[in-house]
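Notes follow once the structure below has been shown.
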Number of protein chains: 2
Amino acid sequence: MEPHSDHLCLCPLEGIINIIARKWAVLVISIIGHREKIRFNEIMERLDGISPRTLSDILKDLRQANLIHRESFSEIPPRVEYSLTEDGKKLCEAVQPLIRWALERDATHSERCRGNCHDEPVSRKRKLPE
Amino acid sequence: MEPHSDHLCLCPLEGIINIIARKWAVLVISIIGHREKIRFNEIMERLDGISPRTLSDILKDLRQANLIHRESFSEIPPRVEYSLTEDGKKLCEAVQPLIRWALERDATHSERCRGNCHDEPVSRKRKLPE
DNA sequence: CTGTATCCCCAGAGATACTG
DNA sequence: CAGTATCTCTGGGGATACAG
């Protein structure tokens, strides 16, 4: 990273903020990325605490951003499979270092996550548990 | 990435969500990362649209997360310099692929940012400008 | 210069119930 | 099963003014 320019263009970053700053977005991307195809409820279960409304919302968002692909089968019961687009895959890859960083950091700071995970909600809201 | 386990532990990711999902956080990290030291107002100018209240808030957050270091000099006028901690540097590195992804993506989708940047606010809120 | 103190707004997110 | 439809609430984030 050359510190040559005094003016660092942040525009690209600004663009992705709308994506990654969405609370569950990166999680969803990662989850989908770990399978070729995954269904709505499967994602829900992974996310544990998320409500269908929220997930649906994010899925829509990611779809609009052309990061995920939605394939619905006209069956009964209905089946819908989500997968990453090429762009989404790239994003998923790009996020890996971040995850690894988080992993190390997590391990360093403390070991929660040896039990059942999800000790605390993902929320960045409610910083004071009580 | 081995798809061996059906149970992907997302805990580490959950941990960082509180950091990266904070609207300006990644931006700030990147900005600071591009210099060894940077002052409050310099960051403000880079961020262009941010209010001191918000920036201050985020800076506090990042400091608590031990990602940035704050050094204040008892001078008049006061001077405060922010820099990345070791942890922060790692994060900054970890974020690079993401930035590069965003860059490519941005270039592909359209070319804004050839003028003065900041055509549109970074906000993910207010999707309807009018 | 580097922030805090206020005030306000609204989008994100949760919960629940319900539909195709 | 895969979502929508509502409703509510919280707190992030903007703006402005002011303080040390």
Side-chain angles (χ1 to χ4, degrees), chain A residues 14 17-28 32 37-64 68-83 118 120-130, chain B residues 14 17-28 32 37-64 68-83 118 120-130:
Chain A
E14 294 182 3
I17 280 194
N18 295 323
I19 296 166
I20 68 165
R22 188 88 193 255
K23 184 172 152 188
W24 302 88
V26 177
L27 263 339
V28 172
I32 300 181
K37 290 168 177 301
I38 190 169
R39 304 173 67 172
F40 191 87
N41 269 5
E42 293 183 294
I43 304 179
M44 282 261 303
E45 285 161 23
R46 300 299 209 132
L47 259 16
D48 187 43
I50 201 172
S51 68
R53 188 231 183 286
T54 304
L55 179 55
S56 167
D57 200 45
I58 286 163
L59 251 19
K60 217 173 293 175
D61 238 47
L62 295 179
R63 210 146 68 85
Q64 277 188 2
I68 62 176
H69 178 247
R70 194 192 107 117
E71 186 176 11
S72 76
F73 303 82
S74 302
E75 307 174 354
I76 293 182
R79 180 164 55 109
V80 178
E81 293 181 340
Y82 291 94
S83 54
H118 307 304
E120 55 188 50
V122 190
S123 310
R124 77 163 177 276
K125 302 187 173 185
R126 128 180 15 167
K127 297 196 174 176
L128 307 174
E130 204 154 354
Chain B
E14 294 182 4
I17 280 194
N18 295 323
I19 297 166
I20 67 165
R22 188 90 192 256
K23 183 172 154 188
W24 302 87
V26 177
L27 263 339
V28 172
I32 301 181
K37 292 167 176 301
I38 191 170
R39 303 172 67 173
F40 192 87
N41 267 8
E42 293 183 293
I43 303 178
M44 283 259 304
E45 285 162 22
R46 300 303 208 125
L47 259 14
D48 186 43
I50 201 171
S51 67
R53 187 233 183 282
T54 304
L55 179 55
S56 168
D57 199 46
I58 285 163
L59 251 19
K60 217 174 293 175
D61 237 47
L62 295 179
R63 209 146 68 84
Q64 276 188 3
I68 63 176
H69 178 245
R70 196 192 106 116
E71 187 177 10
S72 77
F73 303 84
S74 303
E75 308 173 351
I76 293 183
R79 180 164 54 108
V80 178
E81 292 181 342
Y82 292 94
S83 53
H118 306 303
E120 55 187 50
V122 190
S123 310
R124 75 166 175 275
K125 300 188 174 186
R126 125 180 21 168
K127 298 196 174 174
L128 307 174
E130 203 157 350

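The analysis underlying the following values was restricted to heavy atoms, covering all of them including side chains, and did not include hydrogens, waters or symmetry mates. Chain letters run A, B, ... following the sequence lines, proteins first and then strands; every chain starts at 1.
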Query raised in the report: Looking at CD1 of Ile43(A) and CD1 of Ile58(A), how far apart are the two atoms once the value is rounded to the nearest 0.5 Å?
Result: 10.0 Å
Query raised in the report: Nearest-Å distance, CG (Leu47(B)) to P (dG14(D))?
Result: 9 Å
Query raised in the report: Could you state the interatomic distance from CD1 (Ile50(A)) to NZ (Lys23(A)), rounded to the nearest 0.5 Å?
Result: 8.0 Å
Query raised in the report: Where do Val28(B) and Tyr82(B) land on the side chain to side chain contact (heavy atoms under 4.5 Å, CB included) test, with the steps shown first?
Result: CA-CA 10 Å; Val28(B) 172; Tyr82(B) 292 94; over 6 Å; no
Report task. Look up atom OG1 in Thr54(A) and atom CG in Leu59(A), then write down how far apart they are to the nearest 0.5 Å. Result -> 11.5 Å
Query raised in the report: Which residues within residues 75-83 of chain A lie with some heavy atom under 4.0 Å of an atom in DNA chain D?
Result: Pro77(A), Pro78(A), Val80(A), Tyr82(A)
Query raised in the report: Does Lys60(A) have a side-chain nitrogen or oxygen under 4.0 Å from the phosphate oxygens OP1 or OP2 of dT4(D)?
Result: yes
Query - Shortest side-chain distance from Phe40(B), nucleotide among dG3(C), dG14(D), dT4(D) - result: dG3(C)
Query raised in the report: Is any side-chain nitrogen or oxygen of Ser51(A) closer than 4.0 Å to OP1 or OP2 of dA15(C)?
Result: no
Query raised in the report: Is any side-chain nitrogen or oxygen of Ser56(B) closer than 4.0 Å to OP1 or OP2 of dT4(C)?
Result: yes
Requested in this report: Would you give the length of the straight line joining atom OG of Ser51(B) to atom CE of Met44(B), rounded to the nearest 0.5 angstrom?
Outcome: 7.5 Å
Report task. Select base, sugar-phosphate, or nothing to describe what Arg53(A) touches, counting heavy atoms under 4.0 Å on all strands. Result -> base
Report summary line: Between CG of Asp61(A) and C1' of dG3(D) the distance, given in whole Å, is 16 Å
Query raised in the report: For Ile58(B) and dT4(C), what is the distance between atoms CD1 and C1' respectively, to the nearest whole Å?
Result: 16 Å
Requested in this report: Rounded off to whole Å, could you give me the CG-to-C1' distance for the Leu55(B) and dA15(D) pair?
Outcome: 15 Å
Query raised in the report: Within this structure, what is the CZ-to-P distance between Arg70(A) and dA2(D), rounded to whole angstrom?
Result: 10 Å
Query raised in the report: Between Leu59(A) (CG) and dC1(D) (P), how many Å, whole number?
Result: 16 Å
Query - Between C1' of dT2(C) and CD of Glu45(B), the distance in whole Å - result: 13 Å
Query raised in the report: Looking only at side-chain N and O atoms, does Arg22(A) come under 4.0 Å of OP1 or OP2 in dA13(C)?
Result: yes
Query raised in the report: Taking the side chain of Asn41(B) as its heavy atoms from C-beta onward, which of dT4(C), dG14(D), dC1(C) lies nearest to it?
Result: dC1(C)
Requested in this report: Please state how far atom CZ in Arg63(B) lies from atom C1' in dT2(C), giving the value in whole angstrom units.
Outcome: 13 Å
Query raised in the report: Does dG12(C) have OP1 or OP2 sitting under 4.0 Å from an N or O in the side chain of Lys23(B)?
Result: no
Query raised in the report: Which one, dA17(C), dC1(C), dG14(C), comes nearest to the side chain of Arg39(B)?
Result: dC1(C)
Query raised in the report: Considering only heavy atoms from C-beta outward, does the side chain of Arg22(B) approach that of Leu62(B) to under 4.5 Å?
Result: no
Query raised in the report: Among Lys37(A), Arg39(A), Arg63(A), whose salt bridge (charged side-chain N to carboxylate O under 4.0 Å, His left out) with Glu71(A) holds?
Result: Lys37(A)
